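What follows is a short report on a single structure.
Labels below follow one simple rule: chain letters A, B, ... track the order of the sequence lines, proteins then strands, and each chain is numbered from 1. As the structure is a prediction and not an experimental result, all values here were calculated from the model.
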Protein chains: 2
Amino acid sequence: MDDLFAGPFDSGAGPLYVQLHRRIAQAIASGALRPGDGLPPERDIAARTGLSRVTVRKSVGALVAEGALIQRRGSGTFIAPPVERLEQALSLLTSFTEDMARRGRHSDSRWLARGLHAPSPAEVMALGLGAGDQVARLDRVRGSDGVPLAIERAALPAQLLPDPQAVGDSLYALLQARDLRPVRAVQRISAASLGAEDAALLGVPVGAVSLRIERRSYLPGGRIVEYTRSLYRGDAYDFAVELTLAPQSGAPKSVASHPVPPHPSPSGPERTAP
Amino acid sequence: MDDLFAGPFDSGAGPLYVQLHRRIAQAIASGALRPGDGLPPERDIAARTGLSRVTVRKSVGALVAEGALIQRRGSGTFIAPPVERLEQALSLLTSFTEDMARRGRHSDSRWLARGLHAPSPAEVMALGLGAGDQVARLDRVRGSDGVPLAIERAALPAQLLPDPQAVGDSLYALLQARDLRPVRAVQRISAASLGAEDAALLGVPVGAVSLRIERRSYLPGGRIVEYTRSLYRGDAYDFAVELTLAPQSGAPKSVASHPVPPHPSPSGPERTAP
DNA sequence: CAGTGGTCTAGACCACTAC
DNA sequence: TAGTGGTCTAGACCACTGT
């Protein structure tokens, strides 16, 4: 462990910053460096490895972006604690508030926008709006126990929600009270890296990975009631879904409505082979 | 457009590399820079902005990681072409080969491993193996028309697939011929940034974003037949899923087995507000 | 060959943290 | 105050591309 940063470097195994990145990542994976441990100061690592500080920072910075390390200005660099990963069933149409309540957690909400606005082109298209129609926009940072977990940007036709200020913690609770709860939704999931603004809202470094989920929710009659774009912290969320047989090989089956079984895999910052 | 890189910089709006990053990102978003356009050489940008090349590279590098720019050594830096995003229905249990065939595309496969091996601890746990059991491991890079799209690492109990070399393009086709086709599966989806090895396999820069999908597939009797971990290129894949009403508010419904409707959103490199 | 991106260095100053 | 990470510079050499 004490010679983690000893030479020889430049043993022909690619760029120096890649070699250092690999060494640190392996030390973490093997348990030689444990969560909460501090890394030596960058200047020390540079001196001990014979590399420049810029090169050291390139390796360390990549590990920070991957979520393996945490840097605190004025304090030091530390091995990231294992993240408690939240698993969410994708096949159920639930709200953030309900998800958290089911886990026995409190759900935080910080409003970014809550009012009537002129719709963006994407919202016009998604909600099927006409000229002059307005949207109720509900943008907020959602979290649990003070930790931000997701950015949620919801848009509803103003006709369905003329008083967005009436929305409290749970949009779905209000919709249900008004007999406007959606019964069906289509979600699209993709991966994205976070820009400066969104990263700041979630309290993660720029470039951190996230899950982007776009959801269109429908009323029983088929009308779209909600168009929501969310960004979930990639280091804090898993989404689980149960699949059934492909239709061309047999009849479709109904999805199970029970909770997804727990998974045994070790939780921690998600990263691929370093 | 010609003064995109003119001063004044350091107008108090944060670090210089963030300001430059924002300028370029906005130029792309606004259409001032179009897909295929070339950026000036880094040394030119440095000279015109008055920044050092290191700082310019920090801005450009972030945009490359986000998928907005593409760099080619010896050639130049270019605005990334709009990526053709593939949308895949998550609620159907299909194979990569079938997914591509349904789109009328040819499916490529490059084997990384195809044989019997001693199982990893994760595989023992996922497949419920006993001591001494072996696994058939099928690791490959999958793509379409020569473009790598995903890394797929499948493991099956050796008892169910004693001859992994018999697997051709489609594992599921072989399983079906042997009456071992799974009828149910549980998937877990998360986001991850790519390490050096996986990035190289997919032909994307280190740190690029990906969707990580872990799948456990079950036979009609409930036995696990397949444990697969896949990494899909984040810039090339959307996953779509249809949701139904949460069970506590009504009876569960069956999932739709028809293809997910097309989406109108502009395709392009996924990124959040820069 | 000239030009490009890829890597690396040595040194500097700043902002923040901990004592 | 001393030490830390955050930012930035000027300059160098290499590997590769295109002509």
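Nucleotide C:dC16 holds its P atom 17 Å from the CD atom of A:Glu42, rounded to whole Å. In this structure, CZ of B:Arg57 is placed 11 Å from C1' of C:dT4, rounded to the nearest angstrom. Rounded to an integer number of Å, the gap from A:Arg53 CZ to D:dA10 P is 18 Å. In this structure, the CG atom of B:Asp44 is 6 Å from the P atom of C:dT4, given to the nearest Å. Residue B:Ile45 contributes atom CD1, which lies 12 Å from atom C1' of C:dT4 at whole-angstrom precision. If you measure from atom CZ of B:Arg73 to atom P of C:dG5, you get 12 Å, rounded to the nearest angstrom. When rounded to the nearest whole Å, the span between CG of B:Leu39 and C1' of C:dT4 equals 13 Å. To the nearest angstrom, P of C:dC8 lies 14 Å from NE2 of A:His21.
Residue B:Ile213 holds its CD1 atom at 8.0 Å from CD1 of A:Ile189, rounded to the nearest 0.5 Å. Atom CD of residue A:Gln187 and atom OG of residue A:Ser230 lie 8.0 Å apart, to the nearest 0.5 angstrom.
At a threshold of 4.0 angstrom between heavy atoms, the contacts of A:Arg72 are confined to the sugar-phosphate backbone, with no base atom among them. Using a 4.0 Å heavy-atom distance criterion, A:Arg43 is classed as a base contact. Heavy atoms of A:Gly50 sit under 4.0 angstrom from primed sugar atoms or phosphate atoms, though from no base atom.
For the OP1/OP2 pair of C:dT9 and a distance below 4.0 Å, the side-chain nitrogens and oxygens of A:Thr55 include at least one atom meeting the criterion. At the phosphate of C:dC8, neither OP1 nor OP2 sits under 4.0 Å from any side-chain N or O atom of A:Lys58. Between A:Tyr17 and the phosphate of C:dT7, there is a side-chain N or O to OP1/OP2 separation shorter than 4.0 Å. When the side-chain nitrogen and oxygen atoms of A:Gln71 are compared with OP1 and OP2 of D:dT4, none of them lie within a distance under 4.0 Å. OP1 and OP2 of C:dT17 both lie 4.0 Å or more from every side-chain N or O belonging to A:Ser75.
In summary, A:Glu152 and A:Arg140 engage in a salt bridge, as defined by a charged side-chain N under 4.0 Å from a carboxylate O.
Contact record, A:Ala191 with B:Val209: CB-CG2, 3.4 Å, taken as the closest heavy-atom pair. The minimum heavy-atom distance linking A:Arg137 with A:Ser120 is given by the pair NH2-N, 3.9 Å.
Comparing A:Val54 and B:Gly74 along DNA chain C, the residue whose closest nucleotide (by nearest heavy atom) sits nearer the 5' end is B:Gly74.
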